[in-house]
Asker: 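Can you read through this structure? Questions will come right after.
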Amino acid sequence: MKNIDSKNHVTGRSVYVDDIPVQTGTLYGAIFGSPKAHGKIKSLDLSKAEALEGVERIFTYKDIPGKNQIGGIIEDEPLLAEDEVHFVGHPVAFIVAKNEKIAQKAAKLIKIDIEEFEIITDPRKAQKKGHLLIPPRTFHIGDVKNEWSKCESIFEGKVEIGGQEHLYIETQGSYSYPIDNGSIKIHSSTQGATLVQKIAAQVLGLPMHRIEVDVARLGGAFGGKEDQATAYACMAALASYILKKPVKHILHRLDDMHMTGKRHPYSADFKIGLSKDHKILAFQTTMYQNGGAANDLSPAIMERTLFHTTNVYFIPNTKVTVYSCKTNLPPNTAYRGFGAPQGMFLIESAIAKAAYELNVPKRTIQEKNFIKENDLFQYGQIAENVNITNCYQTAKKKYHIDKIEKDIQEFNSKNPNHKKGMAVMPICFGISFTKTPMNQARALVHIYQDGSLGISTGAVEMGQAVNTKMIQVAAKVFSINTDRIKIESTNTTRVANTSPTAASSGADLNGNALRIACNALLERLKETAAKMLSCKVSEVSIVDETVLKNGKKTEILWESLIETAFLDRVCLTENGHYATPIIHFDKTKEKGHPFAYHVYGAAIITVTLDCIRGTYEFDDVKIVHDFGNSMNSTIDNGQVEGAIVQGIGWMTMEELAFGKDGRLLSNSLSTYKVPDIYSIPKNIEITALKTEGPELALLRSKAIGEPPFMYGIGAYFALTKAIREFNSNYKLDFDSPLTPEKVLMRLYQK
Ligand code: LUZ
Ligand code: MOS
């Protein structure tokens, strides 16, 4: 099935928040953010701004009728700053005016006097001063301390890992207006409709049932709208509630870039010990997560880093510690991979270091240490249905890795100024929210009298085509045409208490809830059919919109079946609830079974480096990926391709820069480079590993959103390999992103 949105996207007909027709009297918002990164507000002068013609009102924390608090995990983040500011852009006031231009102009007329405090942007410095968002956490297995003496070789190193701007095409935004009885309706570009509802209710001092949140679709999110859409929705809701008028607020790109949090940069130290035959015996690391000025999702992201720092390897003695450090940057947040990419870049760096020092190919160490069936992850889950060796061996054979290596050698020996490099990047990603209670979902299905269906789930469409997959699920259960099914917007009055669409699990959780609802309806319809045919329910089935009796076609078609059921007063509406079975995690022991299953895969990535300029092109990314039994390979392959490009961007070109004053310097697309059509690998080949797929995946089709992002990590190691082919003096280091400038410096390092 094709993505149901393709045509409307391409022709510009799809509706986003900014496309909703506005009501008469709609007002427009703008934020006044702190010009300083850290300090005490001594005075705030709104008078000039308030006097501007067309300004309706300016809101500060004093206007909040409920609680000035938006922190999701830990309550440490005011919606509007009270007496202190903690990052440049920290929202202080929300201006509402007749139009956007006036609102923006008024923001420039606000005067603030701030007594400046010390600005810290470096996580190690923050940790030294004791500025932590939460206490550190450690995962361990085996006995690292006593294992070092048994190691043949031990290597240590330092790793710097860069952050990443989400750069969703649609910026943060919302449209909020009063509805009947003093309630508020919010259209928000959010991954988490319920989170917006809950926090808006808290800010306004209302019960949740007075807030309705509706989400049609997002123009991209990547995690940037899991938590951080909430603040903007709450500001518009506050203004519309108090003024009793519609308020619209869409962030300008530059405001969005400097006010919102990003992927967390990390700094880390590691120590890795190997046996003579390249088994990794021990691995220890301390990581410093740059959390920004408030917790946001940092504790959960720290947790996923702890889960994934051994990637796809079994290391019998492992100790991982993460410090979540408080700095004067916008609170960093969820971003595709959710802390796992940082952990996985770290272990790959440690392995690369060992390979470099031992003068063996990196993949020799990688292949030796792949996790096997019944091995233990450091968080206590037993590895089941492991197929990394399978993926890797399939890739090796299918793509002729020996030939790739030989061709590269030949190319490099013939070309003095161009060098090629190759890397293997295996992945293992756990599927489920690490916080067990979040792994639940609901769906609502209506069958209308004419046989058409309206379905609602808690899943948010953000370009990943989850809506298409939902329609496939319903069509499959009933065996009816997909064009009979309409998917409704995500709305808190139809589906309540939703988890954000995140953790790659939107389709699994919501699709299973939908499957359960549809199955219950199907049972009722079969009863109707059995009555019509005077037979047993067990003799009835529906195939291709036709009722069968004992496998033989009858005269009864879908539409007449529905009509009869309705006249017979059968309920044609059903609600489905799904909660992932089996999973659990005990934080006091840091052990459990947090994931429903894991996604595996292996990529071979090759690059050609221009050694005069330091520029490079990725030639090939060849992958064997474990999709399970993919329910839509066009969509799933699209997710893999997009993820790889985004991952390569993170590793090689997207460089965030902050000034000493805490101000974002890479604040536009001229200073923050993202992959464009020319930087996409020339060839991406994706092979699906042949498997049945796990029972806990939706129709045995594995989650796809995040896992392939980590293939991009291979880009870093392919590049360092190519650099060394040109400059044997280059001392391997780990400092991502490896931008062309950095590559050039390393090509001529003495
Ligand atoms: N969001 C979240 C996530 O709240 N918990 C998770 O475990 C997670 N994992 C990946 C991406 N988003
Ligand atoms: Mo996410 S990083 O919102 O799955």
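Whatever order the structure lists them in is the order used to number ligands and atoms, beginning at 1. Computed from heavy atoms alone, side chains included, the values below leave out hydrogens, waters and symmetry copies.
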Asker: Can you tell me which portion of M438 lies within the under-4.0 Å heavy-atom range of ligand 1? Options are side chain, backbone, both, or neither.
Answerer: side chain
Asker: Considering all heavy atoms of both residues, which atom of I427 and which atom of V312 are nearest to each other, and what is their separation?
Answerer: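 Minimum heavy-atom contact is O-CG2, 3.7 Å.
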Asker: Using a 4.0 Å cut-off to any heavy atom of E706, which atoms of ligand 1 qualify?
Answerer: 10 (C), 11 (C)
Asker: Under 4.0 Å from ligand 1, counting heavy atoms only, is it the side chain of A334, its backbone, both or neither?
Answerer: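 Neither; nothing of A334 gets under 4.0 Å from ligand 1.
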Asker: Determine the interplanar angle of the Y313 and F370 rings, folded into 0 to 90°, and report it as parallel if under 30°, tilted if 30 to 60°, perpendicular if over 60°.
Answerer: parallel
Asker: Compare every heavy atom of Y168 with every heavy atom of A221, then report the nearest pair and how far apart it is.
Answerer: O-CD2, 3.5 Å
Asker: Under 4.0 Å from a heavy atom of E226: give me the atoms of ligand 1 that qualify, with their elements.
Answerer: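 In order of numbering, the contacting atoms are 1 (N), 2 (C), 3 (C), 4 (O), 12 (N).
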Asker: Below 4.0 Å, non-hydrogen atoms only: which portion of F433 touches ligand 1? Side chain, backbone, both or neither.
Answerer: both
Asker: Does ligand 1 have an atom that lies less than 4.0 angstrom from a heavy atom of E303?
Answerer: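 Contact absent.
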Asker: Measure up the F87 and H90 rings against each other and bin them: parallel (under 30°), tilted (30 to 60°), perpendicular (over 60°).
Answerer: parallel
Asker: Any nitrogen or oxygen of S504, side chain or backbone, less than 3.5 Å from one on ligand 1?
Answerer: no
Asker: Checking K319 against F139: charged group under 6.0 Å from the ring centre and within 45 degrees of the axis?
Answerer: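 No, K319 does not sit over the ring of F139.
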Asker: Aromatic rings Y379 and F377: how do their planes relate, parallel, tilted or perpendicular, breaks at 30° and 60°?
Answerer: parallel
